[in-house]
Amino acid sequence: MELLAPAGSPESLTAAVQAGADAVYLGYGPLNARRNAKNFTREELAQAVAYCHLRGTKVYLTLNTLLSQRELPLAAETAAFASEIGVDAILVQDLGVAKLLRDTVPDVDIHASTQMTVHNLDGVKACADLGMTRVVLSRELSKSAIENLCAKSPVELEIFVHGALCMCYSGQCFLSAVLGGRSGNRGLCAQPCRLAFRWPGEKQTGHPLSLKDMSLAGELQDLRDMGVACLKIEGRMKRAEYVSIVTGIYAAALRENREPTGEELRRLEAAFSRQGFTQGYYNDQKGPAMFGTRPEGIKDPTELFEEARRQYGRGEHKLTPVWFAAQVREGEPLTVTAWDGEGHEAAARGEIPEAARSRDVTAEQIEKQLAKTGGTVYQAQEVTAEVTPGLSVPMSALNGLRREVLAGLDAARTAIPERRVLPFQPPKKVKSKVAVPAWSLSLRSWGQMSREILDQGPALVYLPSHEIAAHAREMAELGKDYPHVKFGVVLPRVMWDRERDRLKQELAAAREAGVTEALLSHIGQLALAREYGFTPRGDFGLGLVNDLTAGELARLGFRSATVSFESKLAQIRDLSKPLDTELLVYGRLPLMLTENCIMKNRGKGCHCHEKPQSLRDRKGEDFPVKQAWGCRNELFNAKILWLADKRADWQRTGVTYGRLSFLRESSRECARIFRAYRTGEGQAPEGFTRGLYYRGVE
């Protein structure tokens, strides 16, 4: 298995390599998911690639954020530079960026970042179809889920093995963006989930959204047996000393084909932890034991960190095995050849040996001299010498040839592969032909459905798959009574492979009831939608923020797509529209999607489906918690998005549909709010928000 370590700075990169990392991942410039890390300058990145490749370490560049239209040329420039200096792979989240890489640097491997929320086989296959050679799986997956994917995946799979856990599925979190304008999908998450919350009616606060760090240090043999390709250590925001300690412990265990010792486990916890580690997701045992915080005032382990600095700050510890062969023949130049076992080879030729005047040179002398590789990145594994008796060879000549062949190996190992770099060609703009947007409605429950709503003429009405399946007969009747309304089934944003049969039953029931549309949150859901003959429409989870992504979604067969609510109205107006677009204009914005049930972790049982629940922050704002499909949870914004009085603003964006998303509202309230949006009349709710449409995100 490959061990992949974080390199948030040049110092951390050195620490990772010297500790034994097989590969490092790092950011360059502003287009990566850790913009607050030190990251690398242009010169530093080129030096980093050469430094790593000389020592047999691969370099993966993180280009794994959602990019605005104006950032695409910079992304193309970044990718071209990365290709030209020999970066081994680029990680992406944005479908448009993946398209850009395929078009401009087609010889560089593309890895699907964990920000793509890939958690099932359909998602893995969809990434493979887009030309990605590796997928970083969601951190929430269990051992059995990972094992199943490894057995069936057409591409390499990478998993996080150590470091911080987010409460929300990566790529689906909007908490930091909505609360403070710092988007996790743009690399600037402020981690508000680590703050204290309390349940309304209770005085005591807690940290129900702050998970402990994960550590799978005791599962290395199982992961190897499963066929996991790469183990990833989280921590680009961590100190170089931390990187050195954690990488070194995992590297030693993998190299020696064992699990870490008890002392090594104690060193891992001392380096950084939040009240210990958790294996809850891996063991499929979610619950309160997974949660913890970093105690205030805790100090770094001085002696441990000093030891780490000494380790990576002095000498070479990442040594490459090298083999030498020498030929000392009468009448022929002295020849030395060296190779590294990775396909690199170098040779050097010296003077013709002279006849020995007093003592012949021996094979043992030559072998001993060539094995002196101190001060280099090499360690002599084996030296052989073919020597004709009666000849003399100066040791200085051997030393010179050794230096020459090792320099040749250096050049071969750091040689930049020949790659194509093609010019970036922005897609041709497709302007919207919509003068006045139609209406789409997203209902959370069947109880919100009414003829009072349908009589107002929505173009699209969405309902969750389990709600339609539970009311299939009523759905079929409404479909007949309202033939001009398209009804859509909302697929769950997360569906593990073990849950696939249940979802298929619900989709079959929806199709039987006459539902024709399907609202999808992931490209991996396209296969299921097509299997049942639904017209695929994209939800906000697809991250539509630029023209390239819009074009990709259209190419993949989506009839429409929902624009990211992290975009400003001006950006949405300028977005190319090769397919129909939807815009969320009412409702509580979804902030988090969690594998953990927040209510169950409270210790009072899971009642999310029975009555409204909320979490209250330090400012006294209440954030609704609702059960999601599969007994997961969704956390919603405390304030309601209200744009009924701003209809002229958002309608000028050229979107095809304005969507009203209902959560807790009764059917009567849904009808009233819909009427307010249609007529432009109606009172805004108390403490409403305009979302991010005017202020945007960083």
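Positions are given from 1, in the same order as the sequence printed here. From a predicted model like this one, the values you see are computed outputs, not experimental measurements.
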Does the pair [X]/[Y] count as a salt bridge with the N-to-O cut at 4.0 Å?
X	Y	answer
Glu264	Arg258	yes
Arg267	Glu307	yes
Asp129	Lys125	no
Lys232	Glu158	yes
Arg413	Glu342	yes

Looking only at side-chain N and O atoms, does [Y] offer a donor or acceptor that is under 3.5 Å from a partner on [X]?
X	Y	answer
Glu43	Gln47	yes
Gln369	Arg402	no
Gln327	Thr335	no
Ser244	Glu241	no
Tyr312	Ser12	no
Gln93	Asn185	yes
Ser567	Ser564	no
Asn546	Thr549	yes

In terms of ring plane angle, is the pair His111 and Tyr60 parallel, tilted or perpendicular, where the classes change at 30° and 60°?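 Plane angle over 60°, so perpendicular.
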Which class fits the ring pair Tyr28 and Phe81: parallel under 30°, tilted 30 to 60°, perpendicular over 60°?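 The arrangement is tilted - the two ring planes meet at 30° to 60°.
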Taking all heavy atoms of Val108 and all of Ala89, pick out the closest pair and write down the distance. CG1-CA, 4.1 Å
Can you name the closest pair of heavy atoms from Cys168 and Glu140 and give their distance?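 Nearest pair, atom of Cys168 first, then Glu140: O-OE2, 3.7 Å.
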Say you draw a straight line from [atom1] of [X] to [atom2] of [Y]; how long is it, rounded to the nearest 0.5 Å?
X	Y	atom1	atom2	result
Asp94	Leu72	CG	CG	7.5 Å
Arg139	Leu165	CZ	CG	6.5 Å
Leu66	Leu544	CG	CG	9.5 Å
His53	Lys58	NE2	NZ	8.5 Å
Leu31	Asn64	CG	CG	10.0 Å
Cys189	Leu175	SG	CG	7.5 Å

So do the side chains of [X] and [Y] get within less than 4.5 Å of each other, counting heavy atoms only?
X	Y	answer
Ser138	Thr117	yes
Lys577	Leu575	yes
Thr114	Phe160	yes
Leu3	Thr247	yes
Leu406	Thr373	yes
Thr302	Glu306	yes
Leu95	Met116	yes
Gln18	Arg55	yes

Look only at the side chain of [X] and the backbone of [Y], and say whether a donor-acceptor pair between them is shorter than 3.5 Å.
X	Y	answer
Thr104	Leu422	no
Arg274	Arg294	no
Ser176	Ala190	yes

For side-chain hydrogen bond (donor to acceptor under 3.5 Å, both in side chains), just list the numbers for Ser68 and Glu71, CA-CA rounded to whole Å, side-chain angles, deciding distance to a tenth of an Å, and then say yes or no. CA-CA 5 Å; Ser68 67; Glu71 292 170 325; 3.3 Å; yes
Would you mind telling me which of Gln525, Gln172, His522, His119 makes a side-chain hydrogen bond (donor to acceptor under 3.5 Å, both in side chains) with Arg493? Gln172
Can you confirm if the aromatic rings of Phe305 and Tyr242 lie within a centre distance of less than 6.0 Å? no
Could you tell me if the ring centre of His162 sits under 6.0 Å from that of Phe277? yes
Residue that, paired with Val92, satisfies side-chain contact (heavy atoms from CB on, under 4.5 Å) out of Thr62, Leu100, Ile110: Ile110
Hey, does the Lys NZ or Arg CZ of Arg236 hover above the aromatic six-ring of Tyr25, less than 6.0 Å from the centre and inside 45° of the axis? no
